[in-house]
Amino acid sequence: MTEKEDAGRLGFLDPFVRLFRAKEETAAPPQPESRVSGFAKLEADFEAALRGLRDKVAEQAATAGPGAAAYRKTAAAVAVEREHRIDACHRAIREDIETMHARLGTGLSPTDLDSIDVLLRRLDADAIEGRDSHALMPRLRYSVATRLRQESGALAVARLLALLKRAKLEWPDPIHYEPHAKPEEVESSRRRRMAEMTESFLAQDFKRTAERMVGIVRAWGADYPDRGSPLWEESVLEGVAAGIRGQLLKDFVELVDRDRDLLLSRTEAAIGKELAALQAAVAGGVHSIEQANTVVANSLHALDQVVPEIVWQHVRSLLPQARGEFAS
């Protein structure tokens, strides 16, 4: 192929070549005005403006001097310092949580908390996988784990309050800085804060429980309250409750894993009944969208409600702590 033919064959690439042209490349000589019109003129103006902007940026970078470099260094140092403060807060509040576990006699050690953390993150992954799944086992894992999480939350709060009472400790005074507050005002505020904490605590998922167990509050960032303040002490107690909840979940899950085959056999009847309805619908036994929706809803109800109830009653019948009965 001749050079002329090659040039003609590849000529359609010229706009792309110009678009990705290197900065250093000299601009092509301007075409006569009669040929620079419409999109071609827009293209030329755009490239000229872009070159001008690049030149301005290069000029600013060259003349910024040491001040700009110092600012960048300062910003980086601030970010590093912020991370150091967050780490320091996390270490301090975990230390206080571990101390409170010992003081209240929960029986949980730092090693136990690390082991529970692994379990909670596994349960969180299972929940994410099964939350909206229509596959049998992922949906079952999610629904059963959710039921165990709900039950363990209420048990953990009751256990924490019992341990506080045994140790003759009270919930932190939320109006600590109001020296003229009346005793009934303090008590009313304390009950309100406990109710708010309980509601928030019960709604926490597995990941949030794992974080609170060691005192991590993502929304606070580096702005943790002062150590020893009422809010700090509330967070310590919430961390203790999260640890208790995690240990309960660990006990429940270990039992369910041990009795997996037994529990699966007990759920066969409930699932089998809904499976028959699904198969009938697929075979043509359902003749409207409403009927189909009913069949699907009933099947999901079996997975989301009936099976978790079967599992929970099994757990509750065998584990005293699932009934709120603790050894000490």
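No hydrogens, no waters, no symmetry mates; every other heavy atom, side chains included, goes into these values.
The shortest non-hydrogen separation linking I93 to V214 is CG2-O, 3.8 Å. Heavy atoms only, all atoms of each residue included: C89 and W232 are closest at O-CH2, 3.9 Å. Across every non-hydrogen atom of L155 and F252, the tightest pair is CD1-CZ, 4.0 Å. Summarising the geometry of P172 relative to E234, their closest heavy-atom pair is CG-N, 3.9 Å, with the distance given to 0.1 Å. In terms of heavy-atom proximity, G221 sits nearest to R82 at CA-NH2, 3.8 Å. Shortest non-hydrogen contact noted between L237 and L164 is CD2-CD2, 3.9 Å.
Without hydrogens or angle criteria, D205 side chain to R208 main chain gives a donor-acceptor distance under 3.5 Å. Put simply, the side chain of R316 never gets that close to the backbone of R323: no donor and acceptor are under 3.5 Å apart. Using modelled atom types, one side-chain atom of S235 and one backbone atom of L231 make a donor-acceptor pair closer than 3.5 Å. No donor-acceptor distance shorter than 3.5 angstrom exists from the side chain of Y224 to the backbone of R85, with no hydrogens or angles considered. Panel note: side chain S200, backbone E196; no donor-acceptor pair is recorded below 3.5 Å. Here the side chain of R212 pairs no donor or acceptor atom with the backbone of F201 at under 3.5 angstrom. No side-chain donor-acceptor contact under 3.5 Å links S229 to the backbone of P225. The backbone N or O of R149 sits less than 3.5 Å from a side-chain atom of R245, completing a donor-acceptor pair.
Salt bridge status for R147 with E151: present, with a side-chain N to carboxylate O gap under 4.0 Å. Salt bridge absent: E254 and R258 never bring a charged side-chain N and a carboxylate O closer than 4.0 Å. With respect to the salt-bridge test (charged N to carboxylate O, under 4.0 angstrom), the residues E325 and R159 do not qualify. By the 4.0 Å N-to-carboxylate-O rule, R141 lies close enough to E129 to be salt-bridged with it.
Under the 4.5 Å side-chain heavy-atom criterion for grouping Ile, Leu, Val, Met, Phe, Trp and Tyr, V256 is connected to M137 within one hydrophobic cluster. Hydrophobic cluster membership differs between L249 and Y142, with clusters built from Ile, Leu, Val, Met, Phe, Trp and Tyr side chains linked at under 4.5 angstrom. The cluster map of Ile, Leu, Val, Met, Phe, Trp and Tyr, joined by side-chain heavy atoms under 4.5 Å apart, puts L264 and I310 in different clusters. Cluster membership check: L318 shares its hydrophobic cluster with L148, using side-chain heavy-atom separations under 4.5 Å among Ile, Leu, Val, Met, Phe, Trp and Tyr.
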### Task
Just do the side chain to side chain contact (heavy atoms under 4.5 Å, CB included) check on I216 and R94 with the steps written out, would you?
CA-CA 8 Å; I216 296 175; R94 172 155 183 173; over 6 Å; no
### Message
Before you tell me yes or no, could you show the steps for R227 and E95 under salt bridge (Lys or Arg N to Asp or Glu O under 4.0 Å), namely the whole-Å CA-CA distance, both residues' side-chain angles and the distance that decides it to 0.1 Å?
### Response
CA-CA 11 Å; R227 193 173 191 175; E95 178 182 323; 3.6 Å; yes
### Task
Begin from the C-alpha positions of D112 and K250 and carry the test salt bridge (Lys or Arg N to Asp or Glu O under 4.0 Å) through to its verdict.
CA-CA 10 Å; D112 293 327; K250 190 169 184 289; over 6 Å; no
### Task
Would you sort out whether L120 and K207 count as a side chain to side chain contact (heavy atoms under 4.5 Å, CB included), showing the intermediate values?
CA-CA 6 Å; L120 291 174; K207 181 180 178 182; over 6 Å; no
### Message
Apply side chain to side chain contact (heavy atoms under 4.5 Å, CB included) to residues D124 and T209 and explain how you reach the verdict.
### Response
CA-CA 10 Å; D124 185 65; T209 299; over 6 Å; no
### Task
Applying side chain to side chain contact (heavy atoms under 4.5 Å, CB included), run through V240 and I97 and close with a yes or a no.
CA-CA 6 Å; V240 173; I97 288 171; 4.3 Å; yes
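Note that CG of L161 and OG1 of T198 are 6.5 Å apart. Values are rounded to the nearest 0.5 Å. For the atom pair CG (L262) and NE2 (H314), the distance works out to 5.5 Å, reported to the nearest 0.5 Å. A distance of 11.5 Å separates CG in L119 from CZ in R121, rounded to the nearest 0.5 Å. Rounding to the nearest 0.5 Å places CZ of F206 at 10.5 Å from CD1 of I128. Atom CE of residue M213 and atom CD1 of residue I244 lie 12.0 Å apart, to the nearest 0.5 angstrom. If you take CZ on R218 and CD1 on I86, they are separated by 8.5 Å, rounding to the nearest 0.5 Å.
Side-chain contact check for L248 versus F326: some heavy-atom pair is nearer than 4.5 Å. Counting only heavy atoms from C-beta outward, the side chains of R122 and V253 approach each other to under 4.5 Å. No side-chain heavy atom of V157 sits under 4.5 Å from any side-chain heavy atom of M194. Taking the side chain as every heavy atom from C-beta outward, L160 and E238 never approach each other to under 4.5 Å.
Side chains of E309 and Q313: a donor on one and an acceptor on the other come within 3.5 Å.
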